[in-house]
Amino acid sequence: MIPSSNYIDCLGRELHYMEWGAGHDETLIAWHGLARTGRDMDDIAAFLSQRYRVICPDTIGRGLSQWSPVPEKEYCLAFYADQARALLDQLGLAQVHWLGTSMGGAIGIHAAAGALRGRIRRLVLNDVGPQLADAAIQRIRSYAGSPPAFDTVSELEAYFRTVYKPYGAMEDWQWRRLAETSTRRLPDGRVTPHYDPRMVMQFTEHADDYALWPAWDTLDLPVLCLRGEHSDLLLPEVADAMRNRGPRALVVTIAGCGHAPTLNTPEQYALVERFFAA
């Protein structure tokens, strides 16, 4: 199915989202990671759109969505979850499934425990949980907070291939698409990743934003967690605890990748589809 590109005002800020499978009765929200965009979900959204309406937002400050004029207040899980509620309200969606990679999964946990309690039917977390490894957070902050700039898109693609190598196997055309959907041009003509670098203020202004065990323990819905075999963000002991606390998640290890699985293989499609269809 051919997706559509859309813009919507959510709490006074313009959000961009891609929509796949318009016309299906059931809707699925697919939310990307910290420094990424909704276009990361293209492959799995195309597959799931055979059965679901799939909405893939760009978080405020990323991709084609508006940058926040008050980043210290709005770049945080609470505001993202409130915007998600506004998105659902405006689209007339009483209940949805939720698929979230990294930060997108954390938004899902936060929203399911608060702003969207009772409105998320099933939750898939792609390599994220209620507790993150400090070393991985520092690694991500080190590149996300000071994005490099290059003279050419080819150089930017080479950079993406390096920092996102843990995603797992990707074809050349997928790397090219990732680069082209993650590029913005600076006033001096160079290119840089397509997000507001101030979004890392989340880690300084909201230091405990990802401490989500209290929210996790209140959840009462089916949860599937996909953990990259070599993930440095979601540690094995945290994944084990997720099996035994709160909603008692089903945890599946995705071989051959780290943080975070790309969600671009038939095996990964099947895991997600079976879980949502159960």
Side-chain angles (χ1 to χ4, degrees), residues 28-36 57 59-62 71-88 96-141 144 199-228 231-254 258-261 263 272 275:
L28 189 156
I29 304 295
W31 210 295
H32 64 83
L34 180 75
R36 304 298 311 131
T59 310
I60 183 174
R62 284 78 160 180
E72 69 280 1
K73 295 182 179 179
E74 295 183 353
Y75 290 150
C76 64
L77 296 182
F79 190 73
Y80 303 153
D82 285 344
Q83 283 199 311
R85 177 177 56 192
L87 176 65
L88 266 61
V96 297
H97 296 304
W98 188 288
L99 165 63
T101 292
S102 194
M103 180 194 72
I107 298 171
I109 296 172
H110 194 287
L116 292 176
R117 178 171 288 277
R119 297 177 67 179
I120 297 178
R121 296 171 57 193
R122 286 176 169 263
L123 174 62
V124 174
L125 305 174
N126 186 23
D127 207 61
V128 70
Q131 179 181 337
L132 308 183
D134 290 338
I137 292 175
Q138 293 306 315
R139 174 182 63 80
I140 293 169
R141 286 183 61 185
M199 57 87 175
V200 297
M201 294 178 73
Q202 178 180 20
F203 296 103
T204 56
E205 302 301 316
H206 307 271
D208 295 325
D209 225 15
Y210 288 89
L212 292 172
W213 281 120
W216 178 262
D217 289 335
T218 72
L219 296 184
D220 182 20
L221 78 168
V223 179
L224 168 65
C225 176
L226 307 177
R227 180 182 180 272
S231 176
D232 64 342
L233 189 81
L234 180 58
L235 298 181
E237 57 267 29
V238 175
D240 286 341
M242 292 169 68
R243 292 185 174 100
N244 299 304
R245 290 180 57 172
R248 299 181 182 273
L250 170 65
V251 179
V252 178
T253 298
I254 305 299
H259 181 76
L263 304 178
V272 174
F275 178 76

ask   = Which is it for Thr218 and Arg117 under the side chain to side chain contact (heavy atoms under 4.5 Å, CB included) test, yes or no, and what are the steps along the way?
value = CA-CA 10 Å; Thr218 72; Arg117 178 171 288 277; 2.7 Å; yes
Taking atom [atom1] of [X] and atom [atom2] of [Y], what is their separation to the nearest 0.5 Å?
X: Glu74; Y: His206; atom1: CD; atom2: NE2; value: 9.5 Å
X: Arg122; Y: Phe275; atom1: CZ; atom2: CZ; value: 5.0 Å
X: Ile254; Y: Asn126; atom1: CD1; atom2: CG; value: 8.0 Å
X: Gln83; Y: Leu88; atom1: CD; atom2: CG; value: 12.5 Å
X: Met201; Y: Lys73; atom1: CE; atom2: NZ; value: 11.0 Å
X: Ile109; Y: Leu125; atom1: CD1; atom2: CG; value: 4.5 Å

Could you report the tightest heavy-atom contact between [X] and [Y], atom names first, then the distance?
X: Ala106; Y: Val128; result: N-CG1, 4.0 Å
X: Gly246; Y: Asp217; result: N-OD1, 3.6 Å
X: Met103; Y: Leu34; result: CB-N, 3.6 Å
X: Trp98; Y: Leu116; result: CZ3-CD1, 3.9 Å
X: Ala78; Y: His110; result: CA-CE1, 3.6 Å
X: Ala115; Y: Asp82; result: CB-OD1, 3.8 Å

Backbone of [Y] reached by a side-chain donor or acceptor of [X] within 3.5 Å:
X: Asp209; Y: Cys76; result: no
X: Arg245; Y: Trp216; result: no
X: Arg62; Y: Ile60; result: yes
X: Trp31; Y: Gly108; result: no
X: Asp232; Y: His259; result: no
X: Arg227; Y: Leu234; result: yes

query = Which is it for Tyr210 and Gln202 under the side chain to side chain donor-acceptor pair (under 3.5 Å) test, yes or no, and what are the steps along the way?
reply = CA-CA 10 Å; Tyr210 288 89; Gln202 178 180 20; 3.2 Å; yes
request  = Would you check, one step at a time, whether the test side chain to side chain contact (heavy atoms under 4.5 Å, CB included) holds for Leu99 with Leu263?
outcome  = CA-CA 11 Å; Leu99 165 63; Leu263 304 178; 4.2 Å; yes
task = Under the side-chain contact (heavy atoms from CB on, under 4.5 Å) rule, collect the residues that match up with Ala135, sequence neighbours excluded.
result = none
task = Indicate whether the side chain of Ser102 and that of Arg36 have a donor and an acceptor atom separated by less than 3.5 Å.
result = no
query = Taking it one step at a time, do His97 and Val272 satisfy side chain to side chain contact (heavy atoms under 4.5 Å, CB included)?
reply = CA-CA 11 Å; His97 296 304; Val272 174; over 6 Å; no
query = Would the number of heavy atoms belonging to other residues, nucleotides or ligands and lying under 6.0 Å from CG of Asp220 be above 12?
reply =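 No, CG of Asp220 has 12 or fewer neighbouring heavy atoms, counting only those of other groups under 6.0 Å.
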